[in-house]
Amino acid sequence: MKKELAKTYDPHGLEDRIYRTWEEKGYFHAEADESKKPFTIVIPPPNITGVLHMGHAFDNTMQDVLIRFKRMQGYNALWQPGTDHASISTEVRIIEELAKEGIRKEDLGREKFLERAWEWKKQYGGTIISQLKKLGSSCDWARERFTMDEGCNRAVTEVFVRMHKKGYIYQGSRIINWCPHCNTSISDAEVDYEEQNGHLWHIRYPLVEEDGSISKTEFLEFATTRPETMLGDTAVAVHPEDERYTHLIGREVFLPFVERRIPVVADTYVDREFGTGVVKITPGHDPNDFEVGKRHDLPEINIMNDDATINENGAKFEGMDRYAARKQIVKELTEMGLLGEVEDHVHNVGTHERCHTVVEPLIKKQWFVRMDELIKPAIKAVKEGEIRLIPKRMEATYFNWTDNIRDWCISRQLWWGHRIPAYYCDACGETVIDYGMPKECPHCRGTAFTQDPDTLDTWFSSALWPFETLGWPEETKDLKHFFPTDVLVTGYDIIFFWVIRMIFSSYEQMGTRPFHTVLFHGLIRDSEGRKMSKSLGNGIDPLDVIAEYGADALRLMIVTGNAPGNDMRYHVERVENSRNFANKLWNASRFIMMNIEEAEEVHAKDAPAAMLQTEDRWILSRLQRTIREATENMERYELGIAVQKVYDFIWDEFCDWYIEFVKPRLRPSGAVGGSQTRAEEDAAGAAHASRLQIPQAESDAQAYQAPSRIAALWTLTSVLIGALKLLHPYMPFITEEIYQTLIDGLYTKETPESIMISPWPVAKDVLVDEAAEREIALIQEAVRGIRNVRNEMNVAPSKKTGIYVVSAKEDIREIFTRGRTHFTALAHAGEVFVQEDKTGIADDAVSVVLADAVIYIPLAELVDISAEKARLEKEKERLEKELARSKGMLANERFLSKAPPEKIAEEKEKQQKYEQTYAQVLERLSALG
RNA sequence: GGGAGUGUAGCUCAGCCGGGAGAGCGUUCGCCUCACACGCGAAAGGUCACGGGUUCGAGCCCCGUCACGCCCACCA
């Protein structure tokens, strides 16, 4: 059945319908099959708390383009999907929900809380998945995984046990970042530094005299931004070579409030230039001081509770919030005369990226992963090119992290997540790491254990994602076939969190790389270049964009005009342009289908070679080049460049030129050779030719008989199908819709029923036709010239003008003779005459000067000789400049001796062309007087 | 403080191997030409941030300067 297409492309309804069909047909599904070559991408698992934002759209569009491309190329293409449990995000979400009901998580208890969280996951965790589908993502949904599903849990425990056995995982008291709001430790990477206005308080500690009394005259002054931490001071430090203080090293100062005597130590960590050159040392609440404390064997005193109130070590400040204590301490120090200058001070304060609470460095017993050994293969892999980062400059960021690697704090004081498989013997306190609750304590033979209450950092499980999703630790067929995966697509903002951790985890657990290429994309910013954020309210919801313009338009916008790793700004105009392109393609297709008659078979298989006209061979040739180049670009992950070439091919060459070229040939054979006007032209042309005694090559009417029409239709459909395939990875919905409608209209069942499983086009050398390309290029140049002249001369578009092509060269005349009708179709030509000389042409005709021909357009009633002369003068000047440049180059001996021969030949050719054109321009000018 | 970037048309951005500066939007002019006004045709518009250097030849390579954001470190 021949289908009618709507006049304007409307993605509504169509996209969901097509997506459902793809899913039902199982096109997304991949099975392990050793006879096929695999191509695997694992999705960066979106958080179950997430809703689709532009970052996801960016990420997933690129992955979908790659996976569809590879699938069409015949790979066993798997896009492995899934979601991440997102421990902190989710837990915070549940706590908020509970708060609305007036429940605290502690009241609920761990088990009930987890039930609640799973309930939440069940209800909302799928939201993002359905949104990804809206985008057209061709993930193998049957394989959807979750970082806390049974398999991932096993993988996590396995890795923990193994790494603990190898000594990579250890428990230790370290200074960590503590979020008093979320009540958990967080890793360095989860800390955001915010610039805040604060103060620099100068404080004086009295020195302790030789006899042990507190000096009333001698003080040591230092500056601090956090006075409350003084309660935990266990030393003050000076630079060992600071002459102002060397005599004090080894003496003691007196710490007010807690009334502690603490030593003055020497440490190179102190910057003599800053403040007074004296630093208070609080090993319990500052990472740098912690290090100093280790070096000098200082006691570590924790002065805070987990909620950032002062604890029993804070003397009379016990129970006060850290900021209230700060205020009170400053006040009391003033009263005691121990406070000096107070400066305004802008400093960076570490905050928790999730809740923006100021983090408090605290010493806690936590679980860590020792990184020094683990990171080595990850460094080597990138250094030696076993893993390629695109763009390459991301390597610098990568190495910046790996070279300064610190141990990874993996325990979190949360409930939602993978519980740490550490069990403490109730009897003797022995720690046992095991796959489950141990039966007997290896130390005291006790049988009662308590599991560590903490859970693991979310990234601990995401780090295993590329192999845990394929079945690891089982040796599954999937794992064997699809692992290592191929490409990872992600934003550069999670290099540290995720990319590096996947890499070292894979080398450690699998002994191999997790993927060979990491393709980074940037961020999508708003039109002002700002990050999209909830607080600014400048976020663009991709679903709104899809609803208004269609997923294809959004996808094309995302991929177009962007180089890997670069940020892009969101402008509606760019989406509109993509939407317009979709409409253009839609209408071109509609036009072609309108011209295919009911029951007319236009097979896309057999080329009617003998019937092909020059323009047919031209567009076929151009298509081959586009296929070749776009494919090469895609293989190099240059998606933006590839799609630009396809876009240009479709819009410029196919729609604006080729379709226009063949329009005259498409009249049904029954309508006898075309329009009335052309019959008249033919008659006039023949008459003129006979008058000049130039043999008319062939009658146009003859040329455009049925075989030419079939050739045009064949070319139109096969080029369209080729172009649709090239475009399909980028715009899957519209290409599928057109493809299927077209296949229906062609009455053929030979092509696959869906474009997404059709083979990727391969450029055929036999179809590359340089002669046709040169010929059409000449026609195009002439057509543009004529249009240009008509515009400049203000000729009404409705006015048909005669066109005389004069060339002394026979082959050129042949080209124009063959291309005569193109001028009718594209340049508002009436009669077209091709002749050897100027016989019969008025001197005052306007002209288009080409290298090998001059085209005359007689405009009897409109002639303005001075305008024509001015035009030619301008052209003359332009050519003189080009000639000067070209001659200069060719006169340069060093150019001739050093430049590659083909460049020289090219330049000579150009020069010749300029000279010819120039000569013709001069001749025209002299003819005009 | 360290690192990697960006600077090209009025705006947003491409520019692969060094070889006569591109696109989209916007602007101007002309067109509802029987696929498309979400369109067609034409045009205007650029010291490729600046200064040096390498080269027969530089938007592209090297050095320096300026401007702008980004990442890392986090000096109390």
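These numbers were taken from a predicted model, which means no experiment stands behind them. As a basis for the values below, the full set of heavy atoms in this structure was taken, side chains included, without hydrogen atoms, waters or symmetry mates. A, B, ... follow the sequence lines: proteins, then strands. Residue 1 opens every chain.
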List for me each residue that meets salt bridge (Lys or Arg N to Asp or Glu O under 4.0 Å) alongside A/Glu638, sequence neighbours excluded, and say none if there are none. A/Arg636
State which residues pass salt bridge (Lys or Arg N to Asp or Glu O under 4.0 Å) with A/Arg244; sequence neighbours excluded, sorted by chain then number. A/Asp242
Does anything in residues 577-588 of chain A reach RNA chain B, meaning a heavy atom under 4.0 Å, and if so which residues? A/Asn577, A/Arg579, A/Asn580, A/Asn583, A/Lys584, A/Asn587, A/Ala588
What are the residues of residues 649-656 of chain A, sorted by number, that bring a heavy atom to within less than 4.0 Å of RNA chain B? A/Trp651, A/Cys655, A/Asp656
With sequence neighbours excluded, residues passing side-chain hydrogen bond (donor to acceptor under 3.5 Å, both in side chains) with [X]:
| X | result |
| --- | --- |
| A/Tyr730 | none |
| A/Glu660 | A/Lys663 |
| A/Glu395 | A/Lys392 |
| A/His202 | A/Glu221, A/Glu343 |

Between the protein and nucleotides 14-17 of chain B, which nitrogen or oxygen pairs come in under 3.5 angstrom?
| from | atom 1 | to | atom 2 | distance (Å) |
| --- | --- | --- | --- | --- |
| B/A14 | OP1 | A/Asn566 | ND2 | 2.9 |

Can you list every stem that RNA chain B is part of, counting only runs of 3 or more consecutive Watson-Crick or G-U wobble pairs with both distances under 3.5 Å? B:1-3 with B:70-72, B:5-7 with B:66-68, B:10-13 with B:22-25, B:27-31 with B:39-43, B:49-53 with B:61-65
Strictly by salt bridge (Lys or Arg N to Asp or Glu O under 4.0 Å), give each pair with a member in residues 568-581 of chain A just once, sequence neighbours left out. none
Considering only nitrogen or oxygen atoms on both sides, find all protein atoms under 3.5 Å from nucleotides 74-76 of chain B and state each distance.
| from | atom 1 | to | atom 2 | distance (Å) |
| --- | --- | --- | --- | --- |
| B/C74 | OP1 | A/Arg406 | NH2 | 2.4 |
| B/C74 | N3 | A/Asn348 | ND2 | 2.9 |
| B/C75 | OP1 | A/Asn288 | ND2 | 2.2 |
| B/C75 | O2 | A/Asp271 | OD2 | 3.4 |
| B/C75 | N3 | A/Asp271 | OD2 | 3.4 |
| B/A76 | O3' | A/Thr225 | OG1 | 3.4 |
| B/A76 | O2' | A/Ala223 | O | 3.0 |
| B/A76 | N6 | A/Asp271 | O | 2.6 |
| B/A76 | N6 | A/Phe274 | O | 3.0 |
| B/A76 | N1 | A/Asp271 | N | 3.2 |

Any donor-acceptor pair under 3.5 Å between the side chain of A/Asn791 and the base of B/G41? yes
Classify the side-chain pair A/Glu907/A/Ser886 by whether it contains a donor and acceptor separated by less than 3.5 Å. yes
